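This report refers to the structure that appears directly beneath it.
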Protein chains: 2
Amino acid sequence: MTSPALTKNQTLVFDVLTKSESALSAYTILDKLRDNGFRAPLQVYRALDKLLEHGMVHRLESLNAFVACAHQQSACCGSHGHGTVAFAICDSCGHVIEFHDHEVDHRLDDWARGQRFKPEKRTIEIRGLCESCA
Amino acid sequence: MTSPALTKNQTLVFDVLTKSESALSAYTILDKLRDNGFRAPLQVYRALDKLLEHGMVHRLESLNAFVACAHQQSACCGSHGHGTVAFAICDSCGHVIEFHDHEVDHRLDDWARGQRFKPEKRTIEIRGLCESCA
DNA sequence: GCAATTGATGTAATAACATTACATTTCAAG
DNA sequence: CTTGAAATGTAATGTTATTACATCAATTGC
Ligand SMILES: [Zn+2]
Ligand SMILES: [Zn+2]
Ligand SMILES: [Zn+2]
Ligand SMILES: [Zn+2]
């Protein structure tokens, strides 16, 4: 929600993700930032941790990779702090579409309530082929 | 759907997963099968690949771990070849609840159709606290 | 029976992803 | 200036997964 000032390393990592067409692994990010003085994985993981906290970056669990958040500030319902982010990932070209669906959110919340399960984090990822690659 | 005869290694891996209360990593399975002659990760991964193909085992992407399928043969709508399996995973005790929800399935399918995205595999995982641990 | 094929297995090495531990630097209070 | 918190640098290690190659077992066709 608030977009805090980023440190140097956080800015570098965020910029790499923002410019990328597809999700990047931490080690791919590391390689892209060698010329900027990055030498060790931890520099990437630390920056990613903060960016994830701030909701500026998402982790794709089925890919072990990261993407910049695609939502405009205050899109739809005021950033997506309210619900679950979902992803469609093209296995051919790597393109990632970020979306959310209230209906799905509510449905999963209802299920959780019925089970007395307290959700902390949700992962919804659809792997397949995008329109261009289908 | 068809439950084919398993090989020796596949049976060993499946039995370990079936007896486990929670999801197991491939290397944890390997350790549990040392006494049965397992020496290398590949023996586990190969067995898991087949079990995954047969739908007898599921992979939890957010955990890099595996669980035996919890569905009875022909439960609800004839095994879950028809839809997406979802998981609620307790971060405290590791218990995993496997479920599916047609409403969610249809909703995600509708979204995909609208985007001309061809889904191949879906991942739905809810991390949180189970009733006992909440 | 016996070669040819296929699927399963054994083993070693390596690749890919992530964290722990500890030293140093930066920088904003106080 | 001092001090404490956050960020950074670096090395080592831990965890997850795959590649490569050799061998073994069951099946098929002759
Ligand atoms: Zn987002
Ligand atoms: Zn594509
Ligand atoms: Zn199942
Ligand atoms: Zn629990």
Side-chain angles (χ1 to χ4, degrees), chain A residues 2-17 20 22-54 56-67 89 91 94 96 121 123 125 127, chain B residues 2-17 20 22-54 56-67 89 91 94 96 121 123 125 127:
Chain A
T2 67
S3 192
L6 298 181
T7 67
K8 176 164 160 283
N9 284 3
Q10 288 160 22
T11 304
L12 287 167
V13 168
F14 186 64
D15 286 352
V16 164
L17 284 175
S20 171
S22 50
L24 300 178
S25 77
Y27 279 73
T28 303
I29 296 171
L30 175 57
D31 285 340
K32 287 179 182 293
L33 289 176
R34 296 264 182 211
D35 293 344
N36 295 274
F38 274 50
R39 313 296 309 274
L42 195 50
Q43 296 176 282
V44 177
Y45 283 110
R46 283 204 275 231
L48 285 172
D49 283 347
K50 291 299 180 187
L51 294 168
L52 288 167
E53 274 177 25
H54 298 144
M56 301 173 69
V57 160
H58 300 293
R59 176 185 167 85
L60 302 183
E61 299 290 351
S62 70
L63 236 42
N64 292 336
F66 304 85
V67 286
I89 301 162
D91 286 328
V96 176
K121 183 176 191 315
T123 298
E125 298 176 15
R127 303 279 295 268
Chain B
T2 65
S3 193
L6 298 181
T7 66
K8 175 163 161 282
N9 285 1
Q10 289 160 22
T11 303
L12 288 166
V13 169
F14 185 65
D15 285 352
V16 164
L17 284 176
S20 172
S22 50
L24 300 178
S25 77
Y27 279 75
T28 301
I29 297 171
L30 174 57
D31 285 341
K32 287 179 182 295
L33 289 176
R34 296 267 182 210
D35 293 344
N36 295 275
F38 274 49
R39 313 296 310 273
L42 196 49
Q43 294 176 284
V44 177
Y45 283 111
R46 283 202 275 230
L48 285 173
D49 283 347
K50 290 300 181 189
L51 294 169
L52 288 166
E53 274 177 27
H54 298 143
M56 301 173 68
V57 161
H58 301 294
R59 176 186 167 84
L60 302 183
E61 299 290 351
S62 70
L63 237 43
N64 291 337
F66 305 84
V67 287
I89 303 162
D91 286 327
V96 176
K121 180 173 192 320
T123 297
E125 297 177 16
R127 303 281 293 268

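Computed from a predicted model, the values in this text were never measured in an experiment. In the text below, chain A, chain B and the rest are named by the order of the sequence lines, each starting its count at 1.
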[atom1]-[atom2] distance between [X] and [Y], expressed to the nearest 0.5 angstrom:
| X | Y | atom1 | atom2 | value |
| --- | --- | --- | --- | --- |
| K50(A) | H54(A) | NZ | NE2 | 6.5 Å |
| N9(B) | L48(B) | CG | CG | 11.0 Å |
| N36(A) | D15(A) | CG | CG | 9.5 Å |
| K121(A) | I89(B) | NZ | CD1 | 11.0 Å |
| F14(B) | F66(B) | CZ | CZ | 14.5 Å |

In this structure, how many angstroms lie between the [atom2] atom of [N] and the [atom1] atom of [X], rounded?
| X | N | atom1 | atom2 | result |
| --- | --- | --- | --- | --- |
| R39(A) | dA11(D) | CZ | P | 7 Å |
| R46(B) | dA22(D) | CZ | C1' | 11 Å |
| L30(A) | dA11(D) | CG | P | 13 Å |

Open item on the list: To check you understand the geometry: which heavy-atom pair defines the closest contact between S62(A) and T123(B), and what is its length?
Closed with: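 S62(A) and T123(B) have their closest heavy atoms at CB-OG1, 4.5 Å.
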Write out a two-atom table: protein N or O, nucleotide N or O from nucleotides 14-18 of chain D, distance below 3.5 Å.
unit_1	atom_1	unit_2	atom_2	d
dA17(D)	OP1	R59(B)	NH1	2.8
dA17(D)	OP1	R59(B)	NH2	2.5
dA17(D)	OP2	Y45(B)	OH	2.9
dA17(D)	O5'	Y45(B)	OH	3.3
dA17(D)	N7	Y27(B)	OH	2.6
dA17(D)	N6	Y27(B)	OH	3.1

- [ ] May I have the step-by-step check of salt bridge (Lys or Arg N to Asp or Glu O under 4.0 Å) for E125(B) and R127(B), ending in yes or no?
- [x] CA-CA 6 Å; E125(B) 297 177 16; R127(B) 303 281 293 268; 5.7 Å; no
- [ ] Using chain B heavy atoms and a threshold of under 4.0 Å, write down where along DNA chain C the contacts begin and end, 5' to 3'.
- [x]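 The protein-touched segment is dA8(C) to dT11(C).
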TODO: Can you run down the salt bridge (Lys or Arg N to Asp or Glu O under 4.0 Å) pairs that involve residues 25-40 of chain B, sequence neighbours left out, and say none if there aren't any?
DONE: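 Applying salt bridge (Lys or Arg N to Asp or Glu O under 4.0 Å) to every pair that reaches into residues 25-40 of chain B, excluding sequence neighbours, yields D31(B)-R34(B).
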